[in-house]
Amino acid sequence: MQNFPGVGVSPGRVIGTIRQMPKPISEPPAGEQLPAGTTPEEATAALKAASQAVHDELKARAAHATGDGKAVLEATALMAKDTMLIKGAAKLVARGTSAERAIWESGSSVSEMLHNLGGYMAERATDVLDVRARIVAELRGVPAPGIPASNTPFILVAEDLAPADTATLDPNKVLALVTAGGGPQSHTAIIARSLGLPAVVAAVGVDELPDGTEVYLDGAAGAVTSEPDEPLRAAAEAWAATASLLAEFSGTGATADGHLVPLLANVGGGKDAEAAAKLGAQGVGLFRTEFCFLERDTEPSVEEQALAYKKVFDAFPGKKVVLRTLDAGADKPLPFLTDSTEPNPALGVRGYRTDFTTPGVLDRQLEAIALAEKQSEADVWVMAPMISTAEEAARFASMCADAGIKTPGVMVEVPSAALTAEAILREVGFASLGTNDLTQYAMAADRQLGPLANLNTPWQPAVLRLVGLTVEGSRAEGNNKPVGVCGEAAADPALAVVLTGLGVATLSMTARSLAAVAAVLKTVTLSEAQQLAKLALSAPSATEARAWVREKLPVLEELGL
Ligand code: PEP
Ligand code: MG
C-alpha cells in the first residue's frame, strides 16, 4: 500500500483501477517553418478551419451538458475562436512559421498575458493552453487530448483537469477523480461535486501511477491509497451500501428535535432548477443569474432575461426562489459589464458595483425579474452580490421597490457587510452569506489557488465569527430578518450543523448534497448544534475546528462523509 494524501473535495469511498489522462500534445519544434509548397494563405485557412472545428466540437459537447459544465464548455468554445489568439498565429504564419508552431506561440503569449492579469483571468490562462493543444491535435489529425475511452468504469487521474475535460465526464464511466494539482475551488472540484463524483485534489505523485493500478479513494478524508487492503475494501463496500441512502432527500430539512432548516438549491438556470426540484430541494437559495449570460458580448434584452428567469421560477411554483442580480467580474466576467484589464478583479468593479460604472443594467434586470415574477407562481426574493455598506443596501432596496420587487436582500460576502450586518439588515428583508467570497476576503486568500487551500476554508474560526456576527446583527432589536448560507460551506454536512447552531435559517447548496446534509442534520438537536458551533468558534485553527466537530458527529464516519 502507498498513500497519496490530498484535499478531499467531494465525498465517497470507492475502489477502482486508474486511467491516466493521455499525455499532452507535444510542442511543435521551435522555428518550425511552413512545409514546402504550402502558402501562408493555405496555412492560415487550415488554422482557421481547425479553430472552428475545435469550437464546434466543444459547443456540441456543451449542448449535451448542463449547469456549471455547460457554462465552462461554452466559455472554452469561445476561447477557441478568440481573435487575439487566431490573429497572433496568422501573423506568424504570414512570416513563414508553420501553422502548428504559430498557434502554439500565440497561445503562449495570450496565456501569459492572462496569467499576468491575475485573478479570474489567470484561471483562464489554462483554458487557452487547452484550446491551443486541441487546435494542434486537429491540425495534426490526431485525437484531441481528453478523457480516455474505456468500456469499464475507472478512476480518472490527471495532473489537473481542464474545464473542457471535466465538464463532459460520464459519471457512469468515471468512478472518481484524482488530480495531482488543482485546488478545492478549481473547476475540477466544483464539477465533481455537481456530478456527485468522489474527488481528491492536490494528491502529489498520483499521476506517476501506471494505468490499471488499483486504488482506494476517500473523497471526504482526502485519501488515495494504492493496492488497498481488506479494511479499505470493506470501507468501500460499506459506502456503496449507504450511498443510495444519500441519494434521496425527503424534502424537509430539520434537526432531530424538529427545528426546521429549509434546504435549498444553488442553480445557474432552468435545467439546474428542474434537476434540483426532482432531488427534493425546498426552493432555490441562490440563482446565479450571470450563469445564463456568460457567453454574451451584449446585454440581454429585458424579455430575454425574463424568459430565462421564468424557467427557474416555474420549476418551483409556490416555493421560495432567491435570485441574485448579476455577479459579473473576477471569476465570472461578463463582457458587457466588466473591464477585463482591471489589475485586481476580485477587489474590483464586480457584483453590485458594476452599477457604479455601467448604470442601467441593474435597473433593467430588476424590471425583467418583476416581469418574470408576474408570470409565475414562485415566491421571488432578490439579492445583490458584493454589498459592502448599509448605504448600498438602502439604495438597492429602493431600486427594488421602484421595480415592484417585494423582498429585497443582500449577499454577505464582504467582511464589512458581516461587521455592519445590523445596519444593513435594517435596510433590506434578508441576507444570504456567500461563504466562498467571505472566506477569500476574510483570509485575503484567492479562492482559486491550490497552495492557499488551508487558509481558504470556511472552517476558519475568523469566518465562523463573521457568520455569527451577521446572525447577531439580524436579530438586533426590531430587525428579525432571516440569514441563510449559499456558499459551498452549506454543502459540508458537518459545517451545515455548525451553521445551524450559529443561527443560520436556511442552507443552499448544489442539489446533489441535499440528502447528505439532511441525513446529518437530523441526527442532532438544535441545542447540540449550538454546542458544536461554540466548540468550532473556540478552536484555535480551522483544522482543529473541523476535527473537533467531526469527532462529535459519528454519523459522518458511518455514512462515509
Ligand atoms: C459565495 O461567494 O459564497 C457565493 C455563493 O457566490 P459565488 O460563489 O457565486 O461567488
Ligand atoms: Mg460570491
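Scope of the values below: all heavy atoms of this structure, side chains included, with no hydrogens, waters or symmetry mates. Counting starts at 1 for both ligands and their atoms, following the listed order. Everything quoted here is computed from the prediction, not taken from an experiment.
The closest approach of Glu413 to the Mg ion (ligand 2), by N/O/S atoms, is made by OE1.
Within the listing of ligand 1, atoms 5 (C) sit less than 4.0 angstrom from a heavy atom of Leu286. Taking a cut-off of under 4.0 Å to the non-hydrogen atoms of Cys486, the atoms of ligand 1 that pass are 5 (C). Close approach of ligand 1 to Gly487 is summarised as follows: ligand atoms under 4.0 Å from at least one heavy atom of the residue are 3 (O), 5 (C). In the vicinity of Gly434, heavy-atom distances shorter than 4.0 Å reach the ligand 1 atoms 1 (C), 2 (O), 3 (O). Here is the list of ligand 1 atoms found below 4.0 Å of a heavy atom in Glu413: 1 (C), 2 (O), 6 (O).
Taking every heavy atom of both residues into account, Ala490 and Ser508 meet most closely at CB-O, 3.4 Å.
Only the side chain of Asp327 comes within contact range of ligand 1, with a heavy atom under 4.0 Å; no backbone atom does. At a 4.0 Å heavy-atom cut-off, ligand 1 touches Arg324 through the side chain alone. Contacts with ligand 1 closer than 4.0 Å are made by no heavy atom of Asn266, backbone or side chain. The residue Glu488 has no part lying near ligand 1, judged by heavy-atom distances below 4.0 Å.
The Mg ion (ligand 2) has an N, O or S atom of Asp437 under 2.8 Å away, backbone or side chain.
The shortest heavy-atom distance from Arg447 to ligand 1 is under 4.0 Å. Residue contact annotation: Lys332 has a non-hydrogen atom under 4.0 Å from ligand 1.
Between Lys278 and Glu274 no salt bridge is recorded (no basic side-chain N to carboxylate O distance below 4.0 Å). Ion pairing between Glu392 and Arg353 fails under the 4.0 Å rule for side-chain N and carboxylate O. Using a cutoff of 4.0 Å between basic side-chain nitrogens and carboxylate oxygens, Lys320 and Asp379 are not scored as salt-bridged. Between Glu427 and Arg395, no side-chain nitrogen of the basic residue sits less than 4.0 Å from a carboxylate oxygen of the acidic one, so the salt-bridge criterion is not met. Classification of Asp327 and Arg350 as a salt-bridged pair holds, one side-chain N sitting under 4.0 Å from a carboxylate O.
In this structure, Thr506 and Pro262 have side chains that are in contact, with non-hydrogen atoms separated by less than 4.5 Å. Using a 4.5 Å heavy-atom cutoff, the side chains of Leu433 and Leu438 are in contact.
Annotation for Glu304: atom CD counts as buried by contact number, over 12 foreign heavy atoms lying within 6.0 Å.
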